[in-house]
Amino acid sequence: TDESDLATLLVAVPTSGAVLVPLYGSQGEGMTICLTRAPNGALQATATSCRNFRASDIDHAIQALPIWEFVEHDIFEGSPDAARQRTDALEAAFRWLRGSLGVPVLKHLASLGIAEDASIQIIAHGRLACLPLHVAFTTESVDAEIDRIVAVAPSIYWLASKERSSSDARGTLVVADSTCDLAGSRAEGKLVHKQVSEAGGHSTLLTGSDATKSNLLLGLREAGCLHVAGHSDFKWDTPLLSSLTMHDSEISVAQLVEN
């Protein structure tokens, strides 16, 4: 982290809850820093180890992320064998996140006297921001209810490291009515595209069947501004997994940042 992250943490730590900063190891086990308030209000930091929380484990989980997004639509689509494979993959991801992060952290919070209904905030640093970390605090089931409400926020330092200079991306990419059911959004997209072009700017318009995930990522290479008029899915507990609905699939905010 850097000073901007630390300043955020100092303000964010509640009087009765905790702010968690999970850190994965390159080779050995990872750890989670727990920031809480002492009875006199002073900030105190403790840590607990997290086994099987290595960079390789994170990479494997990120590769499985499209499976997680699939469950939002219809995990049982297709043949029974395909549905079973997707369910098994999700169950495995749940078990890993809960066993490597959720269980040791919850035990540590209990030892600190943090109440079960206290607010928990996770600062997701690095590639962890691409994972649904809140599932670490659910029971081991695909359709489980959340046992402990947590909120996940990306590291400011991580987001800043993904910023590009304005000199290498100056165009505007306009995506409208990717699902072919929003006439007003399509009209909005055409209007924005026209206004940018008339102002002397470079604009690319993607609508309908052209508004695919691959075309969006390709267009972003030349775009400094993205304007989207269409459907989306907001996830309050893990904002970076909120997604835009393209013609052929969903694309998460985390994927946009990574690309």
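Being a predicted model, the structure only gives us computed values, none of them experimental. All residue numbers refer to positions in the sequence shown, counting from 1. Atoms considered below: every heavy atom in the structure, side chains included; atoms not considered: hydrogens, waters and symmetry mates.
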Step-by-step side chain to side chain contact (heavy atoms under 4.5 Å, CB included) determination, L43 to R37:
CA-CA 5 Å; L43 186 68; R37 294 283 182 186; 3.9 Å; yes
Give the cluster check for V228 versus L217: same hydrophobic cluster or not, with ILVMFWY residues linked at side-chain heavy-atom distances below 4.5 Å.
yes
Testing the basics here: between E250 and S243, what is the closest heavy-atom pair and its distance to 0.1 Å?
OE1-OG, 3.0 Å
Apply side chain to side chain contact (heavy atoms under 4.5 Å, CB included) to the pair L173 and L206, showing each step before the final yes or no.
CA-CA 8 Å; L173 178 62; L206 298 175; 3.9 Å; yes
Could you tell me whether the side chain of D248 and the main chain of K213 form a donor-acceptor pair under 3.5 Å?
yes
Using modelled atom types and a 3.5 Å cut-off, is there a donor and acceptor pairing between side-chain atoms of Q255 and backbone atoms of S252?
yes
Once rounded to the nearest 0.5 Å, what's the spacing between atom CE of M31 and atom OG of S49?
8.5 Å
Does the side chain of Q44 reach to within under 4.5 Å of the side chain of T36, using non-hydrogen atoms?
yes
Is any side-chain heavy atom of L109 less than 4.5 Å from a side-chain heavy atom of L20?
yes
So Y24 and F53, would you call those rings parallel, tilted or perpendicular, with 30° and 60° as cut-offs?
perpendicular
So which heavy atom on C180 is nearest to which on G208, and how close?
SG-CA, 3.6 Å
Separation between CG of L112 and NZ of K107, rounded to the nearest 0.5 Å
14.5 Å
Determine, step by step, whether D233 and S242 satisfy the side chain to side chain contact (heavy atoms under 4.5 Å, CB included) criterion, reporting the C-alpha distance in whole Å, the side-chain angles of both residues, the deciding distance to 0.1 Å, and the verdict.
CA-CA 6 Å; D233 180 27; S242 299; over 6 Å; no
Tightest non-hydrogen contact, residues V196 and H202, listed as CG1-O, 4.1 Å
Using every non-hydrogen atom in the two residues, find where S185 and A229 come nearest and quote the distance to one decimal.
CB-O, 3.5 Å
So if you build clusters from Ile, Leu, Val, Met, Phe, Trp, Tyr with side-chain heavy-atom gaps below 4.5 Å, do I33 and V19 land together?
yes
Donor-acceptor contact below 3.5 Å, side chain N215 vs main chain D210
yes
Would you give the length of the straight line joining atom NE2 of H108 to atom CD1 of I114, rounded to the nearest 0.5 angstrom?
9.0 Å
For the side chain of H247 and the backbone of S178, is there at least one donor-acceptor N/O pair under 3.5 Å apart?
yes
For the atom pair CD1 (I123) and OG1 (T32), what is the distance rounded to the nearest 0.5 Å?
12.5 Å
Go through the steps to decide whether D181 and H231 satisfy the test side chain to side chain contact (heavy atoms under 4.5 Å, CB included), and finish with yes or no.
CA-CA 10 Å; D181 62 348; H231 293 295; 3.3 Å; yes
Passing candidate, side-chain contact (heavy atoms from CB on, under 4.5 Å) with H227, options L205, V175, V174
V174
Interatomic distance, T245 atom OG1 to I251 atom CD1 [nearest 0.5 angstrom]
11.0 Å
With the side chain counted from C-beta on, respond yes when L133 and L97 share a heavy-atom pair under 4.5 Å apart, and no when they do not.
yes
Any idea which heavy atoms bring N52 and S100 closest together, and the distance?
O-CB, 3.7 Å
Ignoring hydrogens and angles, tell me if any N or O in the side chain of D177 forms a donor-acceptor pair with the backbone of L182 under 3.5 Å.
yes
Separation between CG (L226) and CG (L216), nearest 0.5 Å, reads 6.0 Å
Looking at every heavy atom in both A136 and L101, which two are closest together, and how far apart are they?
CB-CD2, 4.0 Å
